[in-house]
Undergrad: 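I am attaching a structure below and will ask some questions about it afterwards.
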Amino acid sequence: MEAYYDLNALLEDRIDNQSIATYYKRSDFFYNLVHSRGGHSIHMGLSDDGFYKKSDFTQQAKFVAEYITDSSKKVLEIGAGKLFNTKFLAKSFPDNQFTAMDLPNRNFLKSRVPKNVSLMEGDFNDLSVFPENSFDIVFGVETVCHAESKKRVLGEIHRVLKPGGKIILFDGYDARPQDEMSEIERRASRLTWAAMRVPFNDIYVGDMRRYFDELHFKDVSFTDLSEKIRPTLRRIDRKSCFYFMHPRLIKFMRRFFSEDVTMNGIAGWLMLMTVDGTNIHQYCRVVGTK
C-alpha cells in the first residue's frame, strides 16, 4: 500500500463534517456498485449462516423494527445516508412517522422517500432543532463512529428521546484501548479508521460503555456481532486484494477517481484482519433506554 499511498499523511488528515460528507458523496458509487451490488446500502451485512447474501443488509433495520410496536411510535435515524434503513422501515410501517437526518453536501433532500418520511439536513452533534422528548426511537447504523465526541452525541440523543425511549446503534469500535495494542496493531487500527473518515480517538468500546452509564441510560446491552459481519468482510477483502495485486488498476483508479474513493481499498484490505482473530476491532449493537 505504501508504494501507492502516503499512509502517514492519511493518518494526519483532519477529519471533520466537511471531509466526512465529501467522502460519502464521492464514494456513493463505490458502495452501491462494489459493496452492495446495486442495493444502495452503505453498511455491513449481518449473516446468520456464515454466507454472504444481499438480504444481510436488512438485518439492522429488521432489529429496529422489533421496537416499533404501534403506530404512535416516532422514529429518528441519524446519519441516514442513502436512506436504506429508513425506507425499509417506512414501507414496513406506513402508519408511523419517520425522520431521517444526514449531513449536507450529497443532495440528501432530493431523495425520493415514502410519504411518512421527513428529511432533514443537520449535524447529530447538535439536535437542538428537535424539542426534548420528541422520539420513541433514535437509531444509527455505522454513523456515531464518525463523531469526534461520542458522549456529546449520546447526550443529544438522550435529550430528544421520550422517557422510556430506545437508542439503538450499530457500529465498529476498538476492542481494546490503543495503548494496550502493539505498534503494528495500533497502526492497522488507525489506518482502517482514517481511510473511512472515522476519528481514531474516542473509539474504544469501553469508553462507549462508560458514556452510556454517565448519561444514565438504563438497561444498556452491548452485543458483539463481529462474527456476523465476517461474510461481508471476506467479500470486501477479496476485492481489495485484487485491487492491490494489480498496479495498473491502481494507477487507473487513482487517475480518474479521488482518493476518497480509492482509499476505501485500504480499509477493505485491513478490516478482515482487524476483526478476525486479532481482537483489534469489533462490531457491536448497542441498545439502551432513557
Side-chain angles (χ1 to χ4, degrees), residues 1-31 34-35 42-44 79 81 102-106 123-126 142-153 171-208 211 233 236-237 239-241 243-244 247 249-275 278-283:
M1 287 188 291
E2 290 186 287
Y4 302 100
Y5 294 96
D6 186 342
L7 300 183
N8 290 327
L10 172 61
L11 293 175
E12 294 171 1
D13 278 352
R14 175 170 174 75
I15 299 172
D16 54 22
N17 283 350
Q18 182 62 42
S19 65
I20 294 167
T22 300
Y23 162 79
Y24 277 108
K25 183 176 182 180
R26 291 174 176 173
S27 300
D28 276 345
F29 94 94
F30 167 84
Y31 280 108
V34 178
H35 179 68
I42 57 177
H43 56 268
M44 291 291 166
D102 200 50
L103 291 170
N105 198 30
R106 59 192 299 192
D123 179 2
F124 54 48
N125 289 281
D126 180 6
E142 299 170 29
T143 183
V144 174
C145 61
H146 292 291
E148 189 168 357
S149 172
K150 278 67 173 178
K151 184 176 181 180
R152 178 179 177 180
V153 176
D171 240 324
Y173 303 96
D174 279 347
R176 291 174 279 146
Q178 293 205 356
D179 60 8
E180 294 182 8
M181 298 180 188
S182 67
E183 183 177 348
I184 191 169
E185 288 174 333
R186 186 161 53 248
R187 186 170 176 83
S189 173
R190 292 185 174 191
L191 284 171
T192 303
W193 297 132
M196 297 187 294
R197 297 299 185 268
V198 172
F200 39 78
N201 62 306
D202 201 23
I203 194 68
Y204 169 47
V205 69
D207 289 333
M208 289 294 288
Y211 299 154
L233 292 183
I236 296 172
D237 180 71
K239 293 178 180 295
S240 298
C241 287
Y243 175 69
F244 282 112
L249 176 60
I250 295 175
K251 291 179 181 179
F252 172 83
M253 291 289 291
R254 296 197 69 196
R255 180 178 179 182
F256 291 101
F257 299 98
S258 73
E259 286 206 344
D260 289 288
V261 176
T262 62
M263 282 193 305
N264 277 294
I266 297 174
W269 188 73
L270 289 171
M271 280 191 294
L272 181 62
M273 178 191 71
T274 61
V275 170
T278 60
N279 195 36
I280 297 173
H281 294 154
Q282 63 180 220
Y283 188 87

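What you see below is based on every heavy atom in this structure, not just the backbone, and it leaves out hydrogens, waters and symmetry mates.
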Undergrad: Do the ring centers of H146 and Y24 come within less than 6.0 Å of each other?
TA: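 Ring centroids of H146 and Y24 are less than 6.0 Å from each other.
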Undergrad: Compare every heavy atom of T278 with every heavy atom of V275, then report the nearest pair and how far apart it is.
TA: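 Closest approach of V275 to T278, heavy atoms only: N-OG1, 4.0 Å.
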Undergrad: How long is the straight-line distance from CE of M208 back to OH of Y173, given to the nearest 0.5 Å?
TA: 4.0 Å
Undergrad: Return the minimal non-hydrogen interatomic distance between A147 and N125, and the atom names on each side.
TA: CB-OD1, 4.2 Å
Undergrad: Could you grab the distance from atom CD of E148 to atom CZ of F200, nearest 0.5 Å is fine?
TA: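 Reported to 0.5 Å precision, the distance equals 10.5 Å.
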Undergrad: Below 4.5 Å, heavy atoms only, C-beta onward: do I15 and I20 meet side chain to side chain?
TA: yes
Undergrad: For residues W193 and D174, report the shortest heavy-atom separation together with the two atoms involved.
TA: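 Reported closest heavy-atom pair: NE1-OD1, 3.0 Å.
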Undergrad: With sequence neighbours excluded, what pairs up with R254 under the salt bridge (charged side-chain N to carboxylate O under 4.0 Å, His left out) test?
TA: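 Partners of R254 under the salt bridge (charged side-chain N to carboxylate O under 4.0 Å, His left out) test: E259.
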Undergrad: Heavy-atom distance under 4.5 Å between the side chains of N17 and F124, does that happen here?
TA: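 Result no, sub-4.5 Å side-chain heavy-atom pair not found.
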Undergrad: Can you list every salt bridge (charged side-chain N to carboxylate O under 4.0 Å, His left out) pair that touches residues 188-202, not counting sequence neighbours?
TA: R197-D260
Undergrad: Does Y23 form a side-chain contact (heavy atoms from CB on, under 4.5 Å) with M196? I'd like the steps, not just the answer.
TA: CA-CA 8 Å; Y23 162 79; M196 297 187 294; 4.0 Å; yes
Undergrad: Among side-chain atoms of S189 and E185, is any donor-acceptor pair under 3.5 angstrom?
TA: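 Checked: S189/E185 side chains show no N/O donor-acceptor pair below 3.5 Å.
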Undergrad: Please give me the minimum heavy-atom distance between A175 and Y204, naming the atom from each residue.
TA: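 Shortest heavy-atom separation between A175 and Y204 comes out as O-CE1, 3.6 Å.
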Undergrad: Do R187 and L7 make a side-chain contact, defined as non-hydrogen atoms from C-beta onward lying under 4.5 Å apart?
TA: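 A side-chain contact under 4.5 Å exists here.
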Undergrad: To the closest 0.5 Å, what do you measure between CG (L103) and CG (D123)?
TA: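 Rounded to the nearest 0.5 Å, the CG-CG separation comes to 6.0 Å.
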Undergrad: Work out which heavy atom in A188 is nearest to a heavy atom in L270; give both atom names and the distance.
TA: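 Closest approach of A188 to L270, heavy atoms only: O-CD1, 3.9 Å.
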Undergrad: To the nearest 0.5 Å, what is the distance between OH (Y283) and SG (C145)?
TA: 9.0 Å
Undergrad: Does any part of the side chain of M44, heavy atoms only, come nearer than 4.5 Å to the side chain of I236, both counted from C-beta?
TA: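 A side-chain contact under 4.5 Å exists here.
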Undergrad: Hey, does Y5 have a side-chain heavy atom less than 4.5 Å from the side chain of T262?
TA: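 Counting from C-beta outward, T262 and Y5 do come under 4.5 Å.
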Undergrad: Looking at R186 and Q178, would you say the former's side chain and the latter's main chain have a donor-acceptor pair under 3.5 Å?
TA: yes
Undergrad: So, do T192 and H281 sit near enough that their side-chain heavy atoms are less than 4.5 Å apart?
TA: yes
Undergrad: Classify the ring geometry of Y31 against H35: parallel below 30°, tilted from 30° to 60°, perpendicular beyond 60°.
TA: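 Rings of Y31 and H35: perpendicular, as their planes differ by over 60°.
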Undergrad: Is there a side-chain contact between S19 and D13, using heavy atoms and a 4.5 Å cut-off?
TA: no
Undergrad: Is it the case that S240 and D237 place a side-chain donor and acceptor less than 3.5 Å from each other?
TA: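 No.
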Undergrad: As an exercise, state the distance from CD of E180 to CG of N279, rounded to the nearest 0.5 Å.
TA: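 If I round to the nearest 0.5 Å, the distance is 10.0 Å.
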Undergrad: Testing the basics here: between A195 and I266, what is the closest heavy-atom pair and its distance to 0.1 Å?
TA: CB-CB, 4.2 Å
Undergrad: For residues I203 and K150, determine if any side-chain heavy atom of one lies less than 4.5 Å from a side-chain heavy atom of the other.
TA: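 Yes; the side chains approach each other to less than 4.5 Å.
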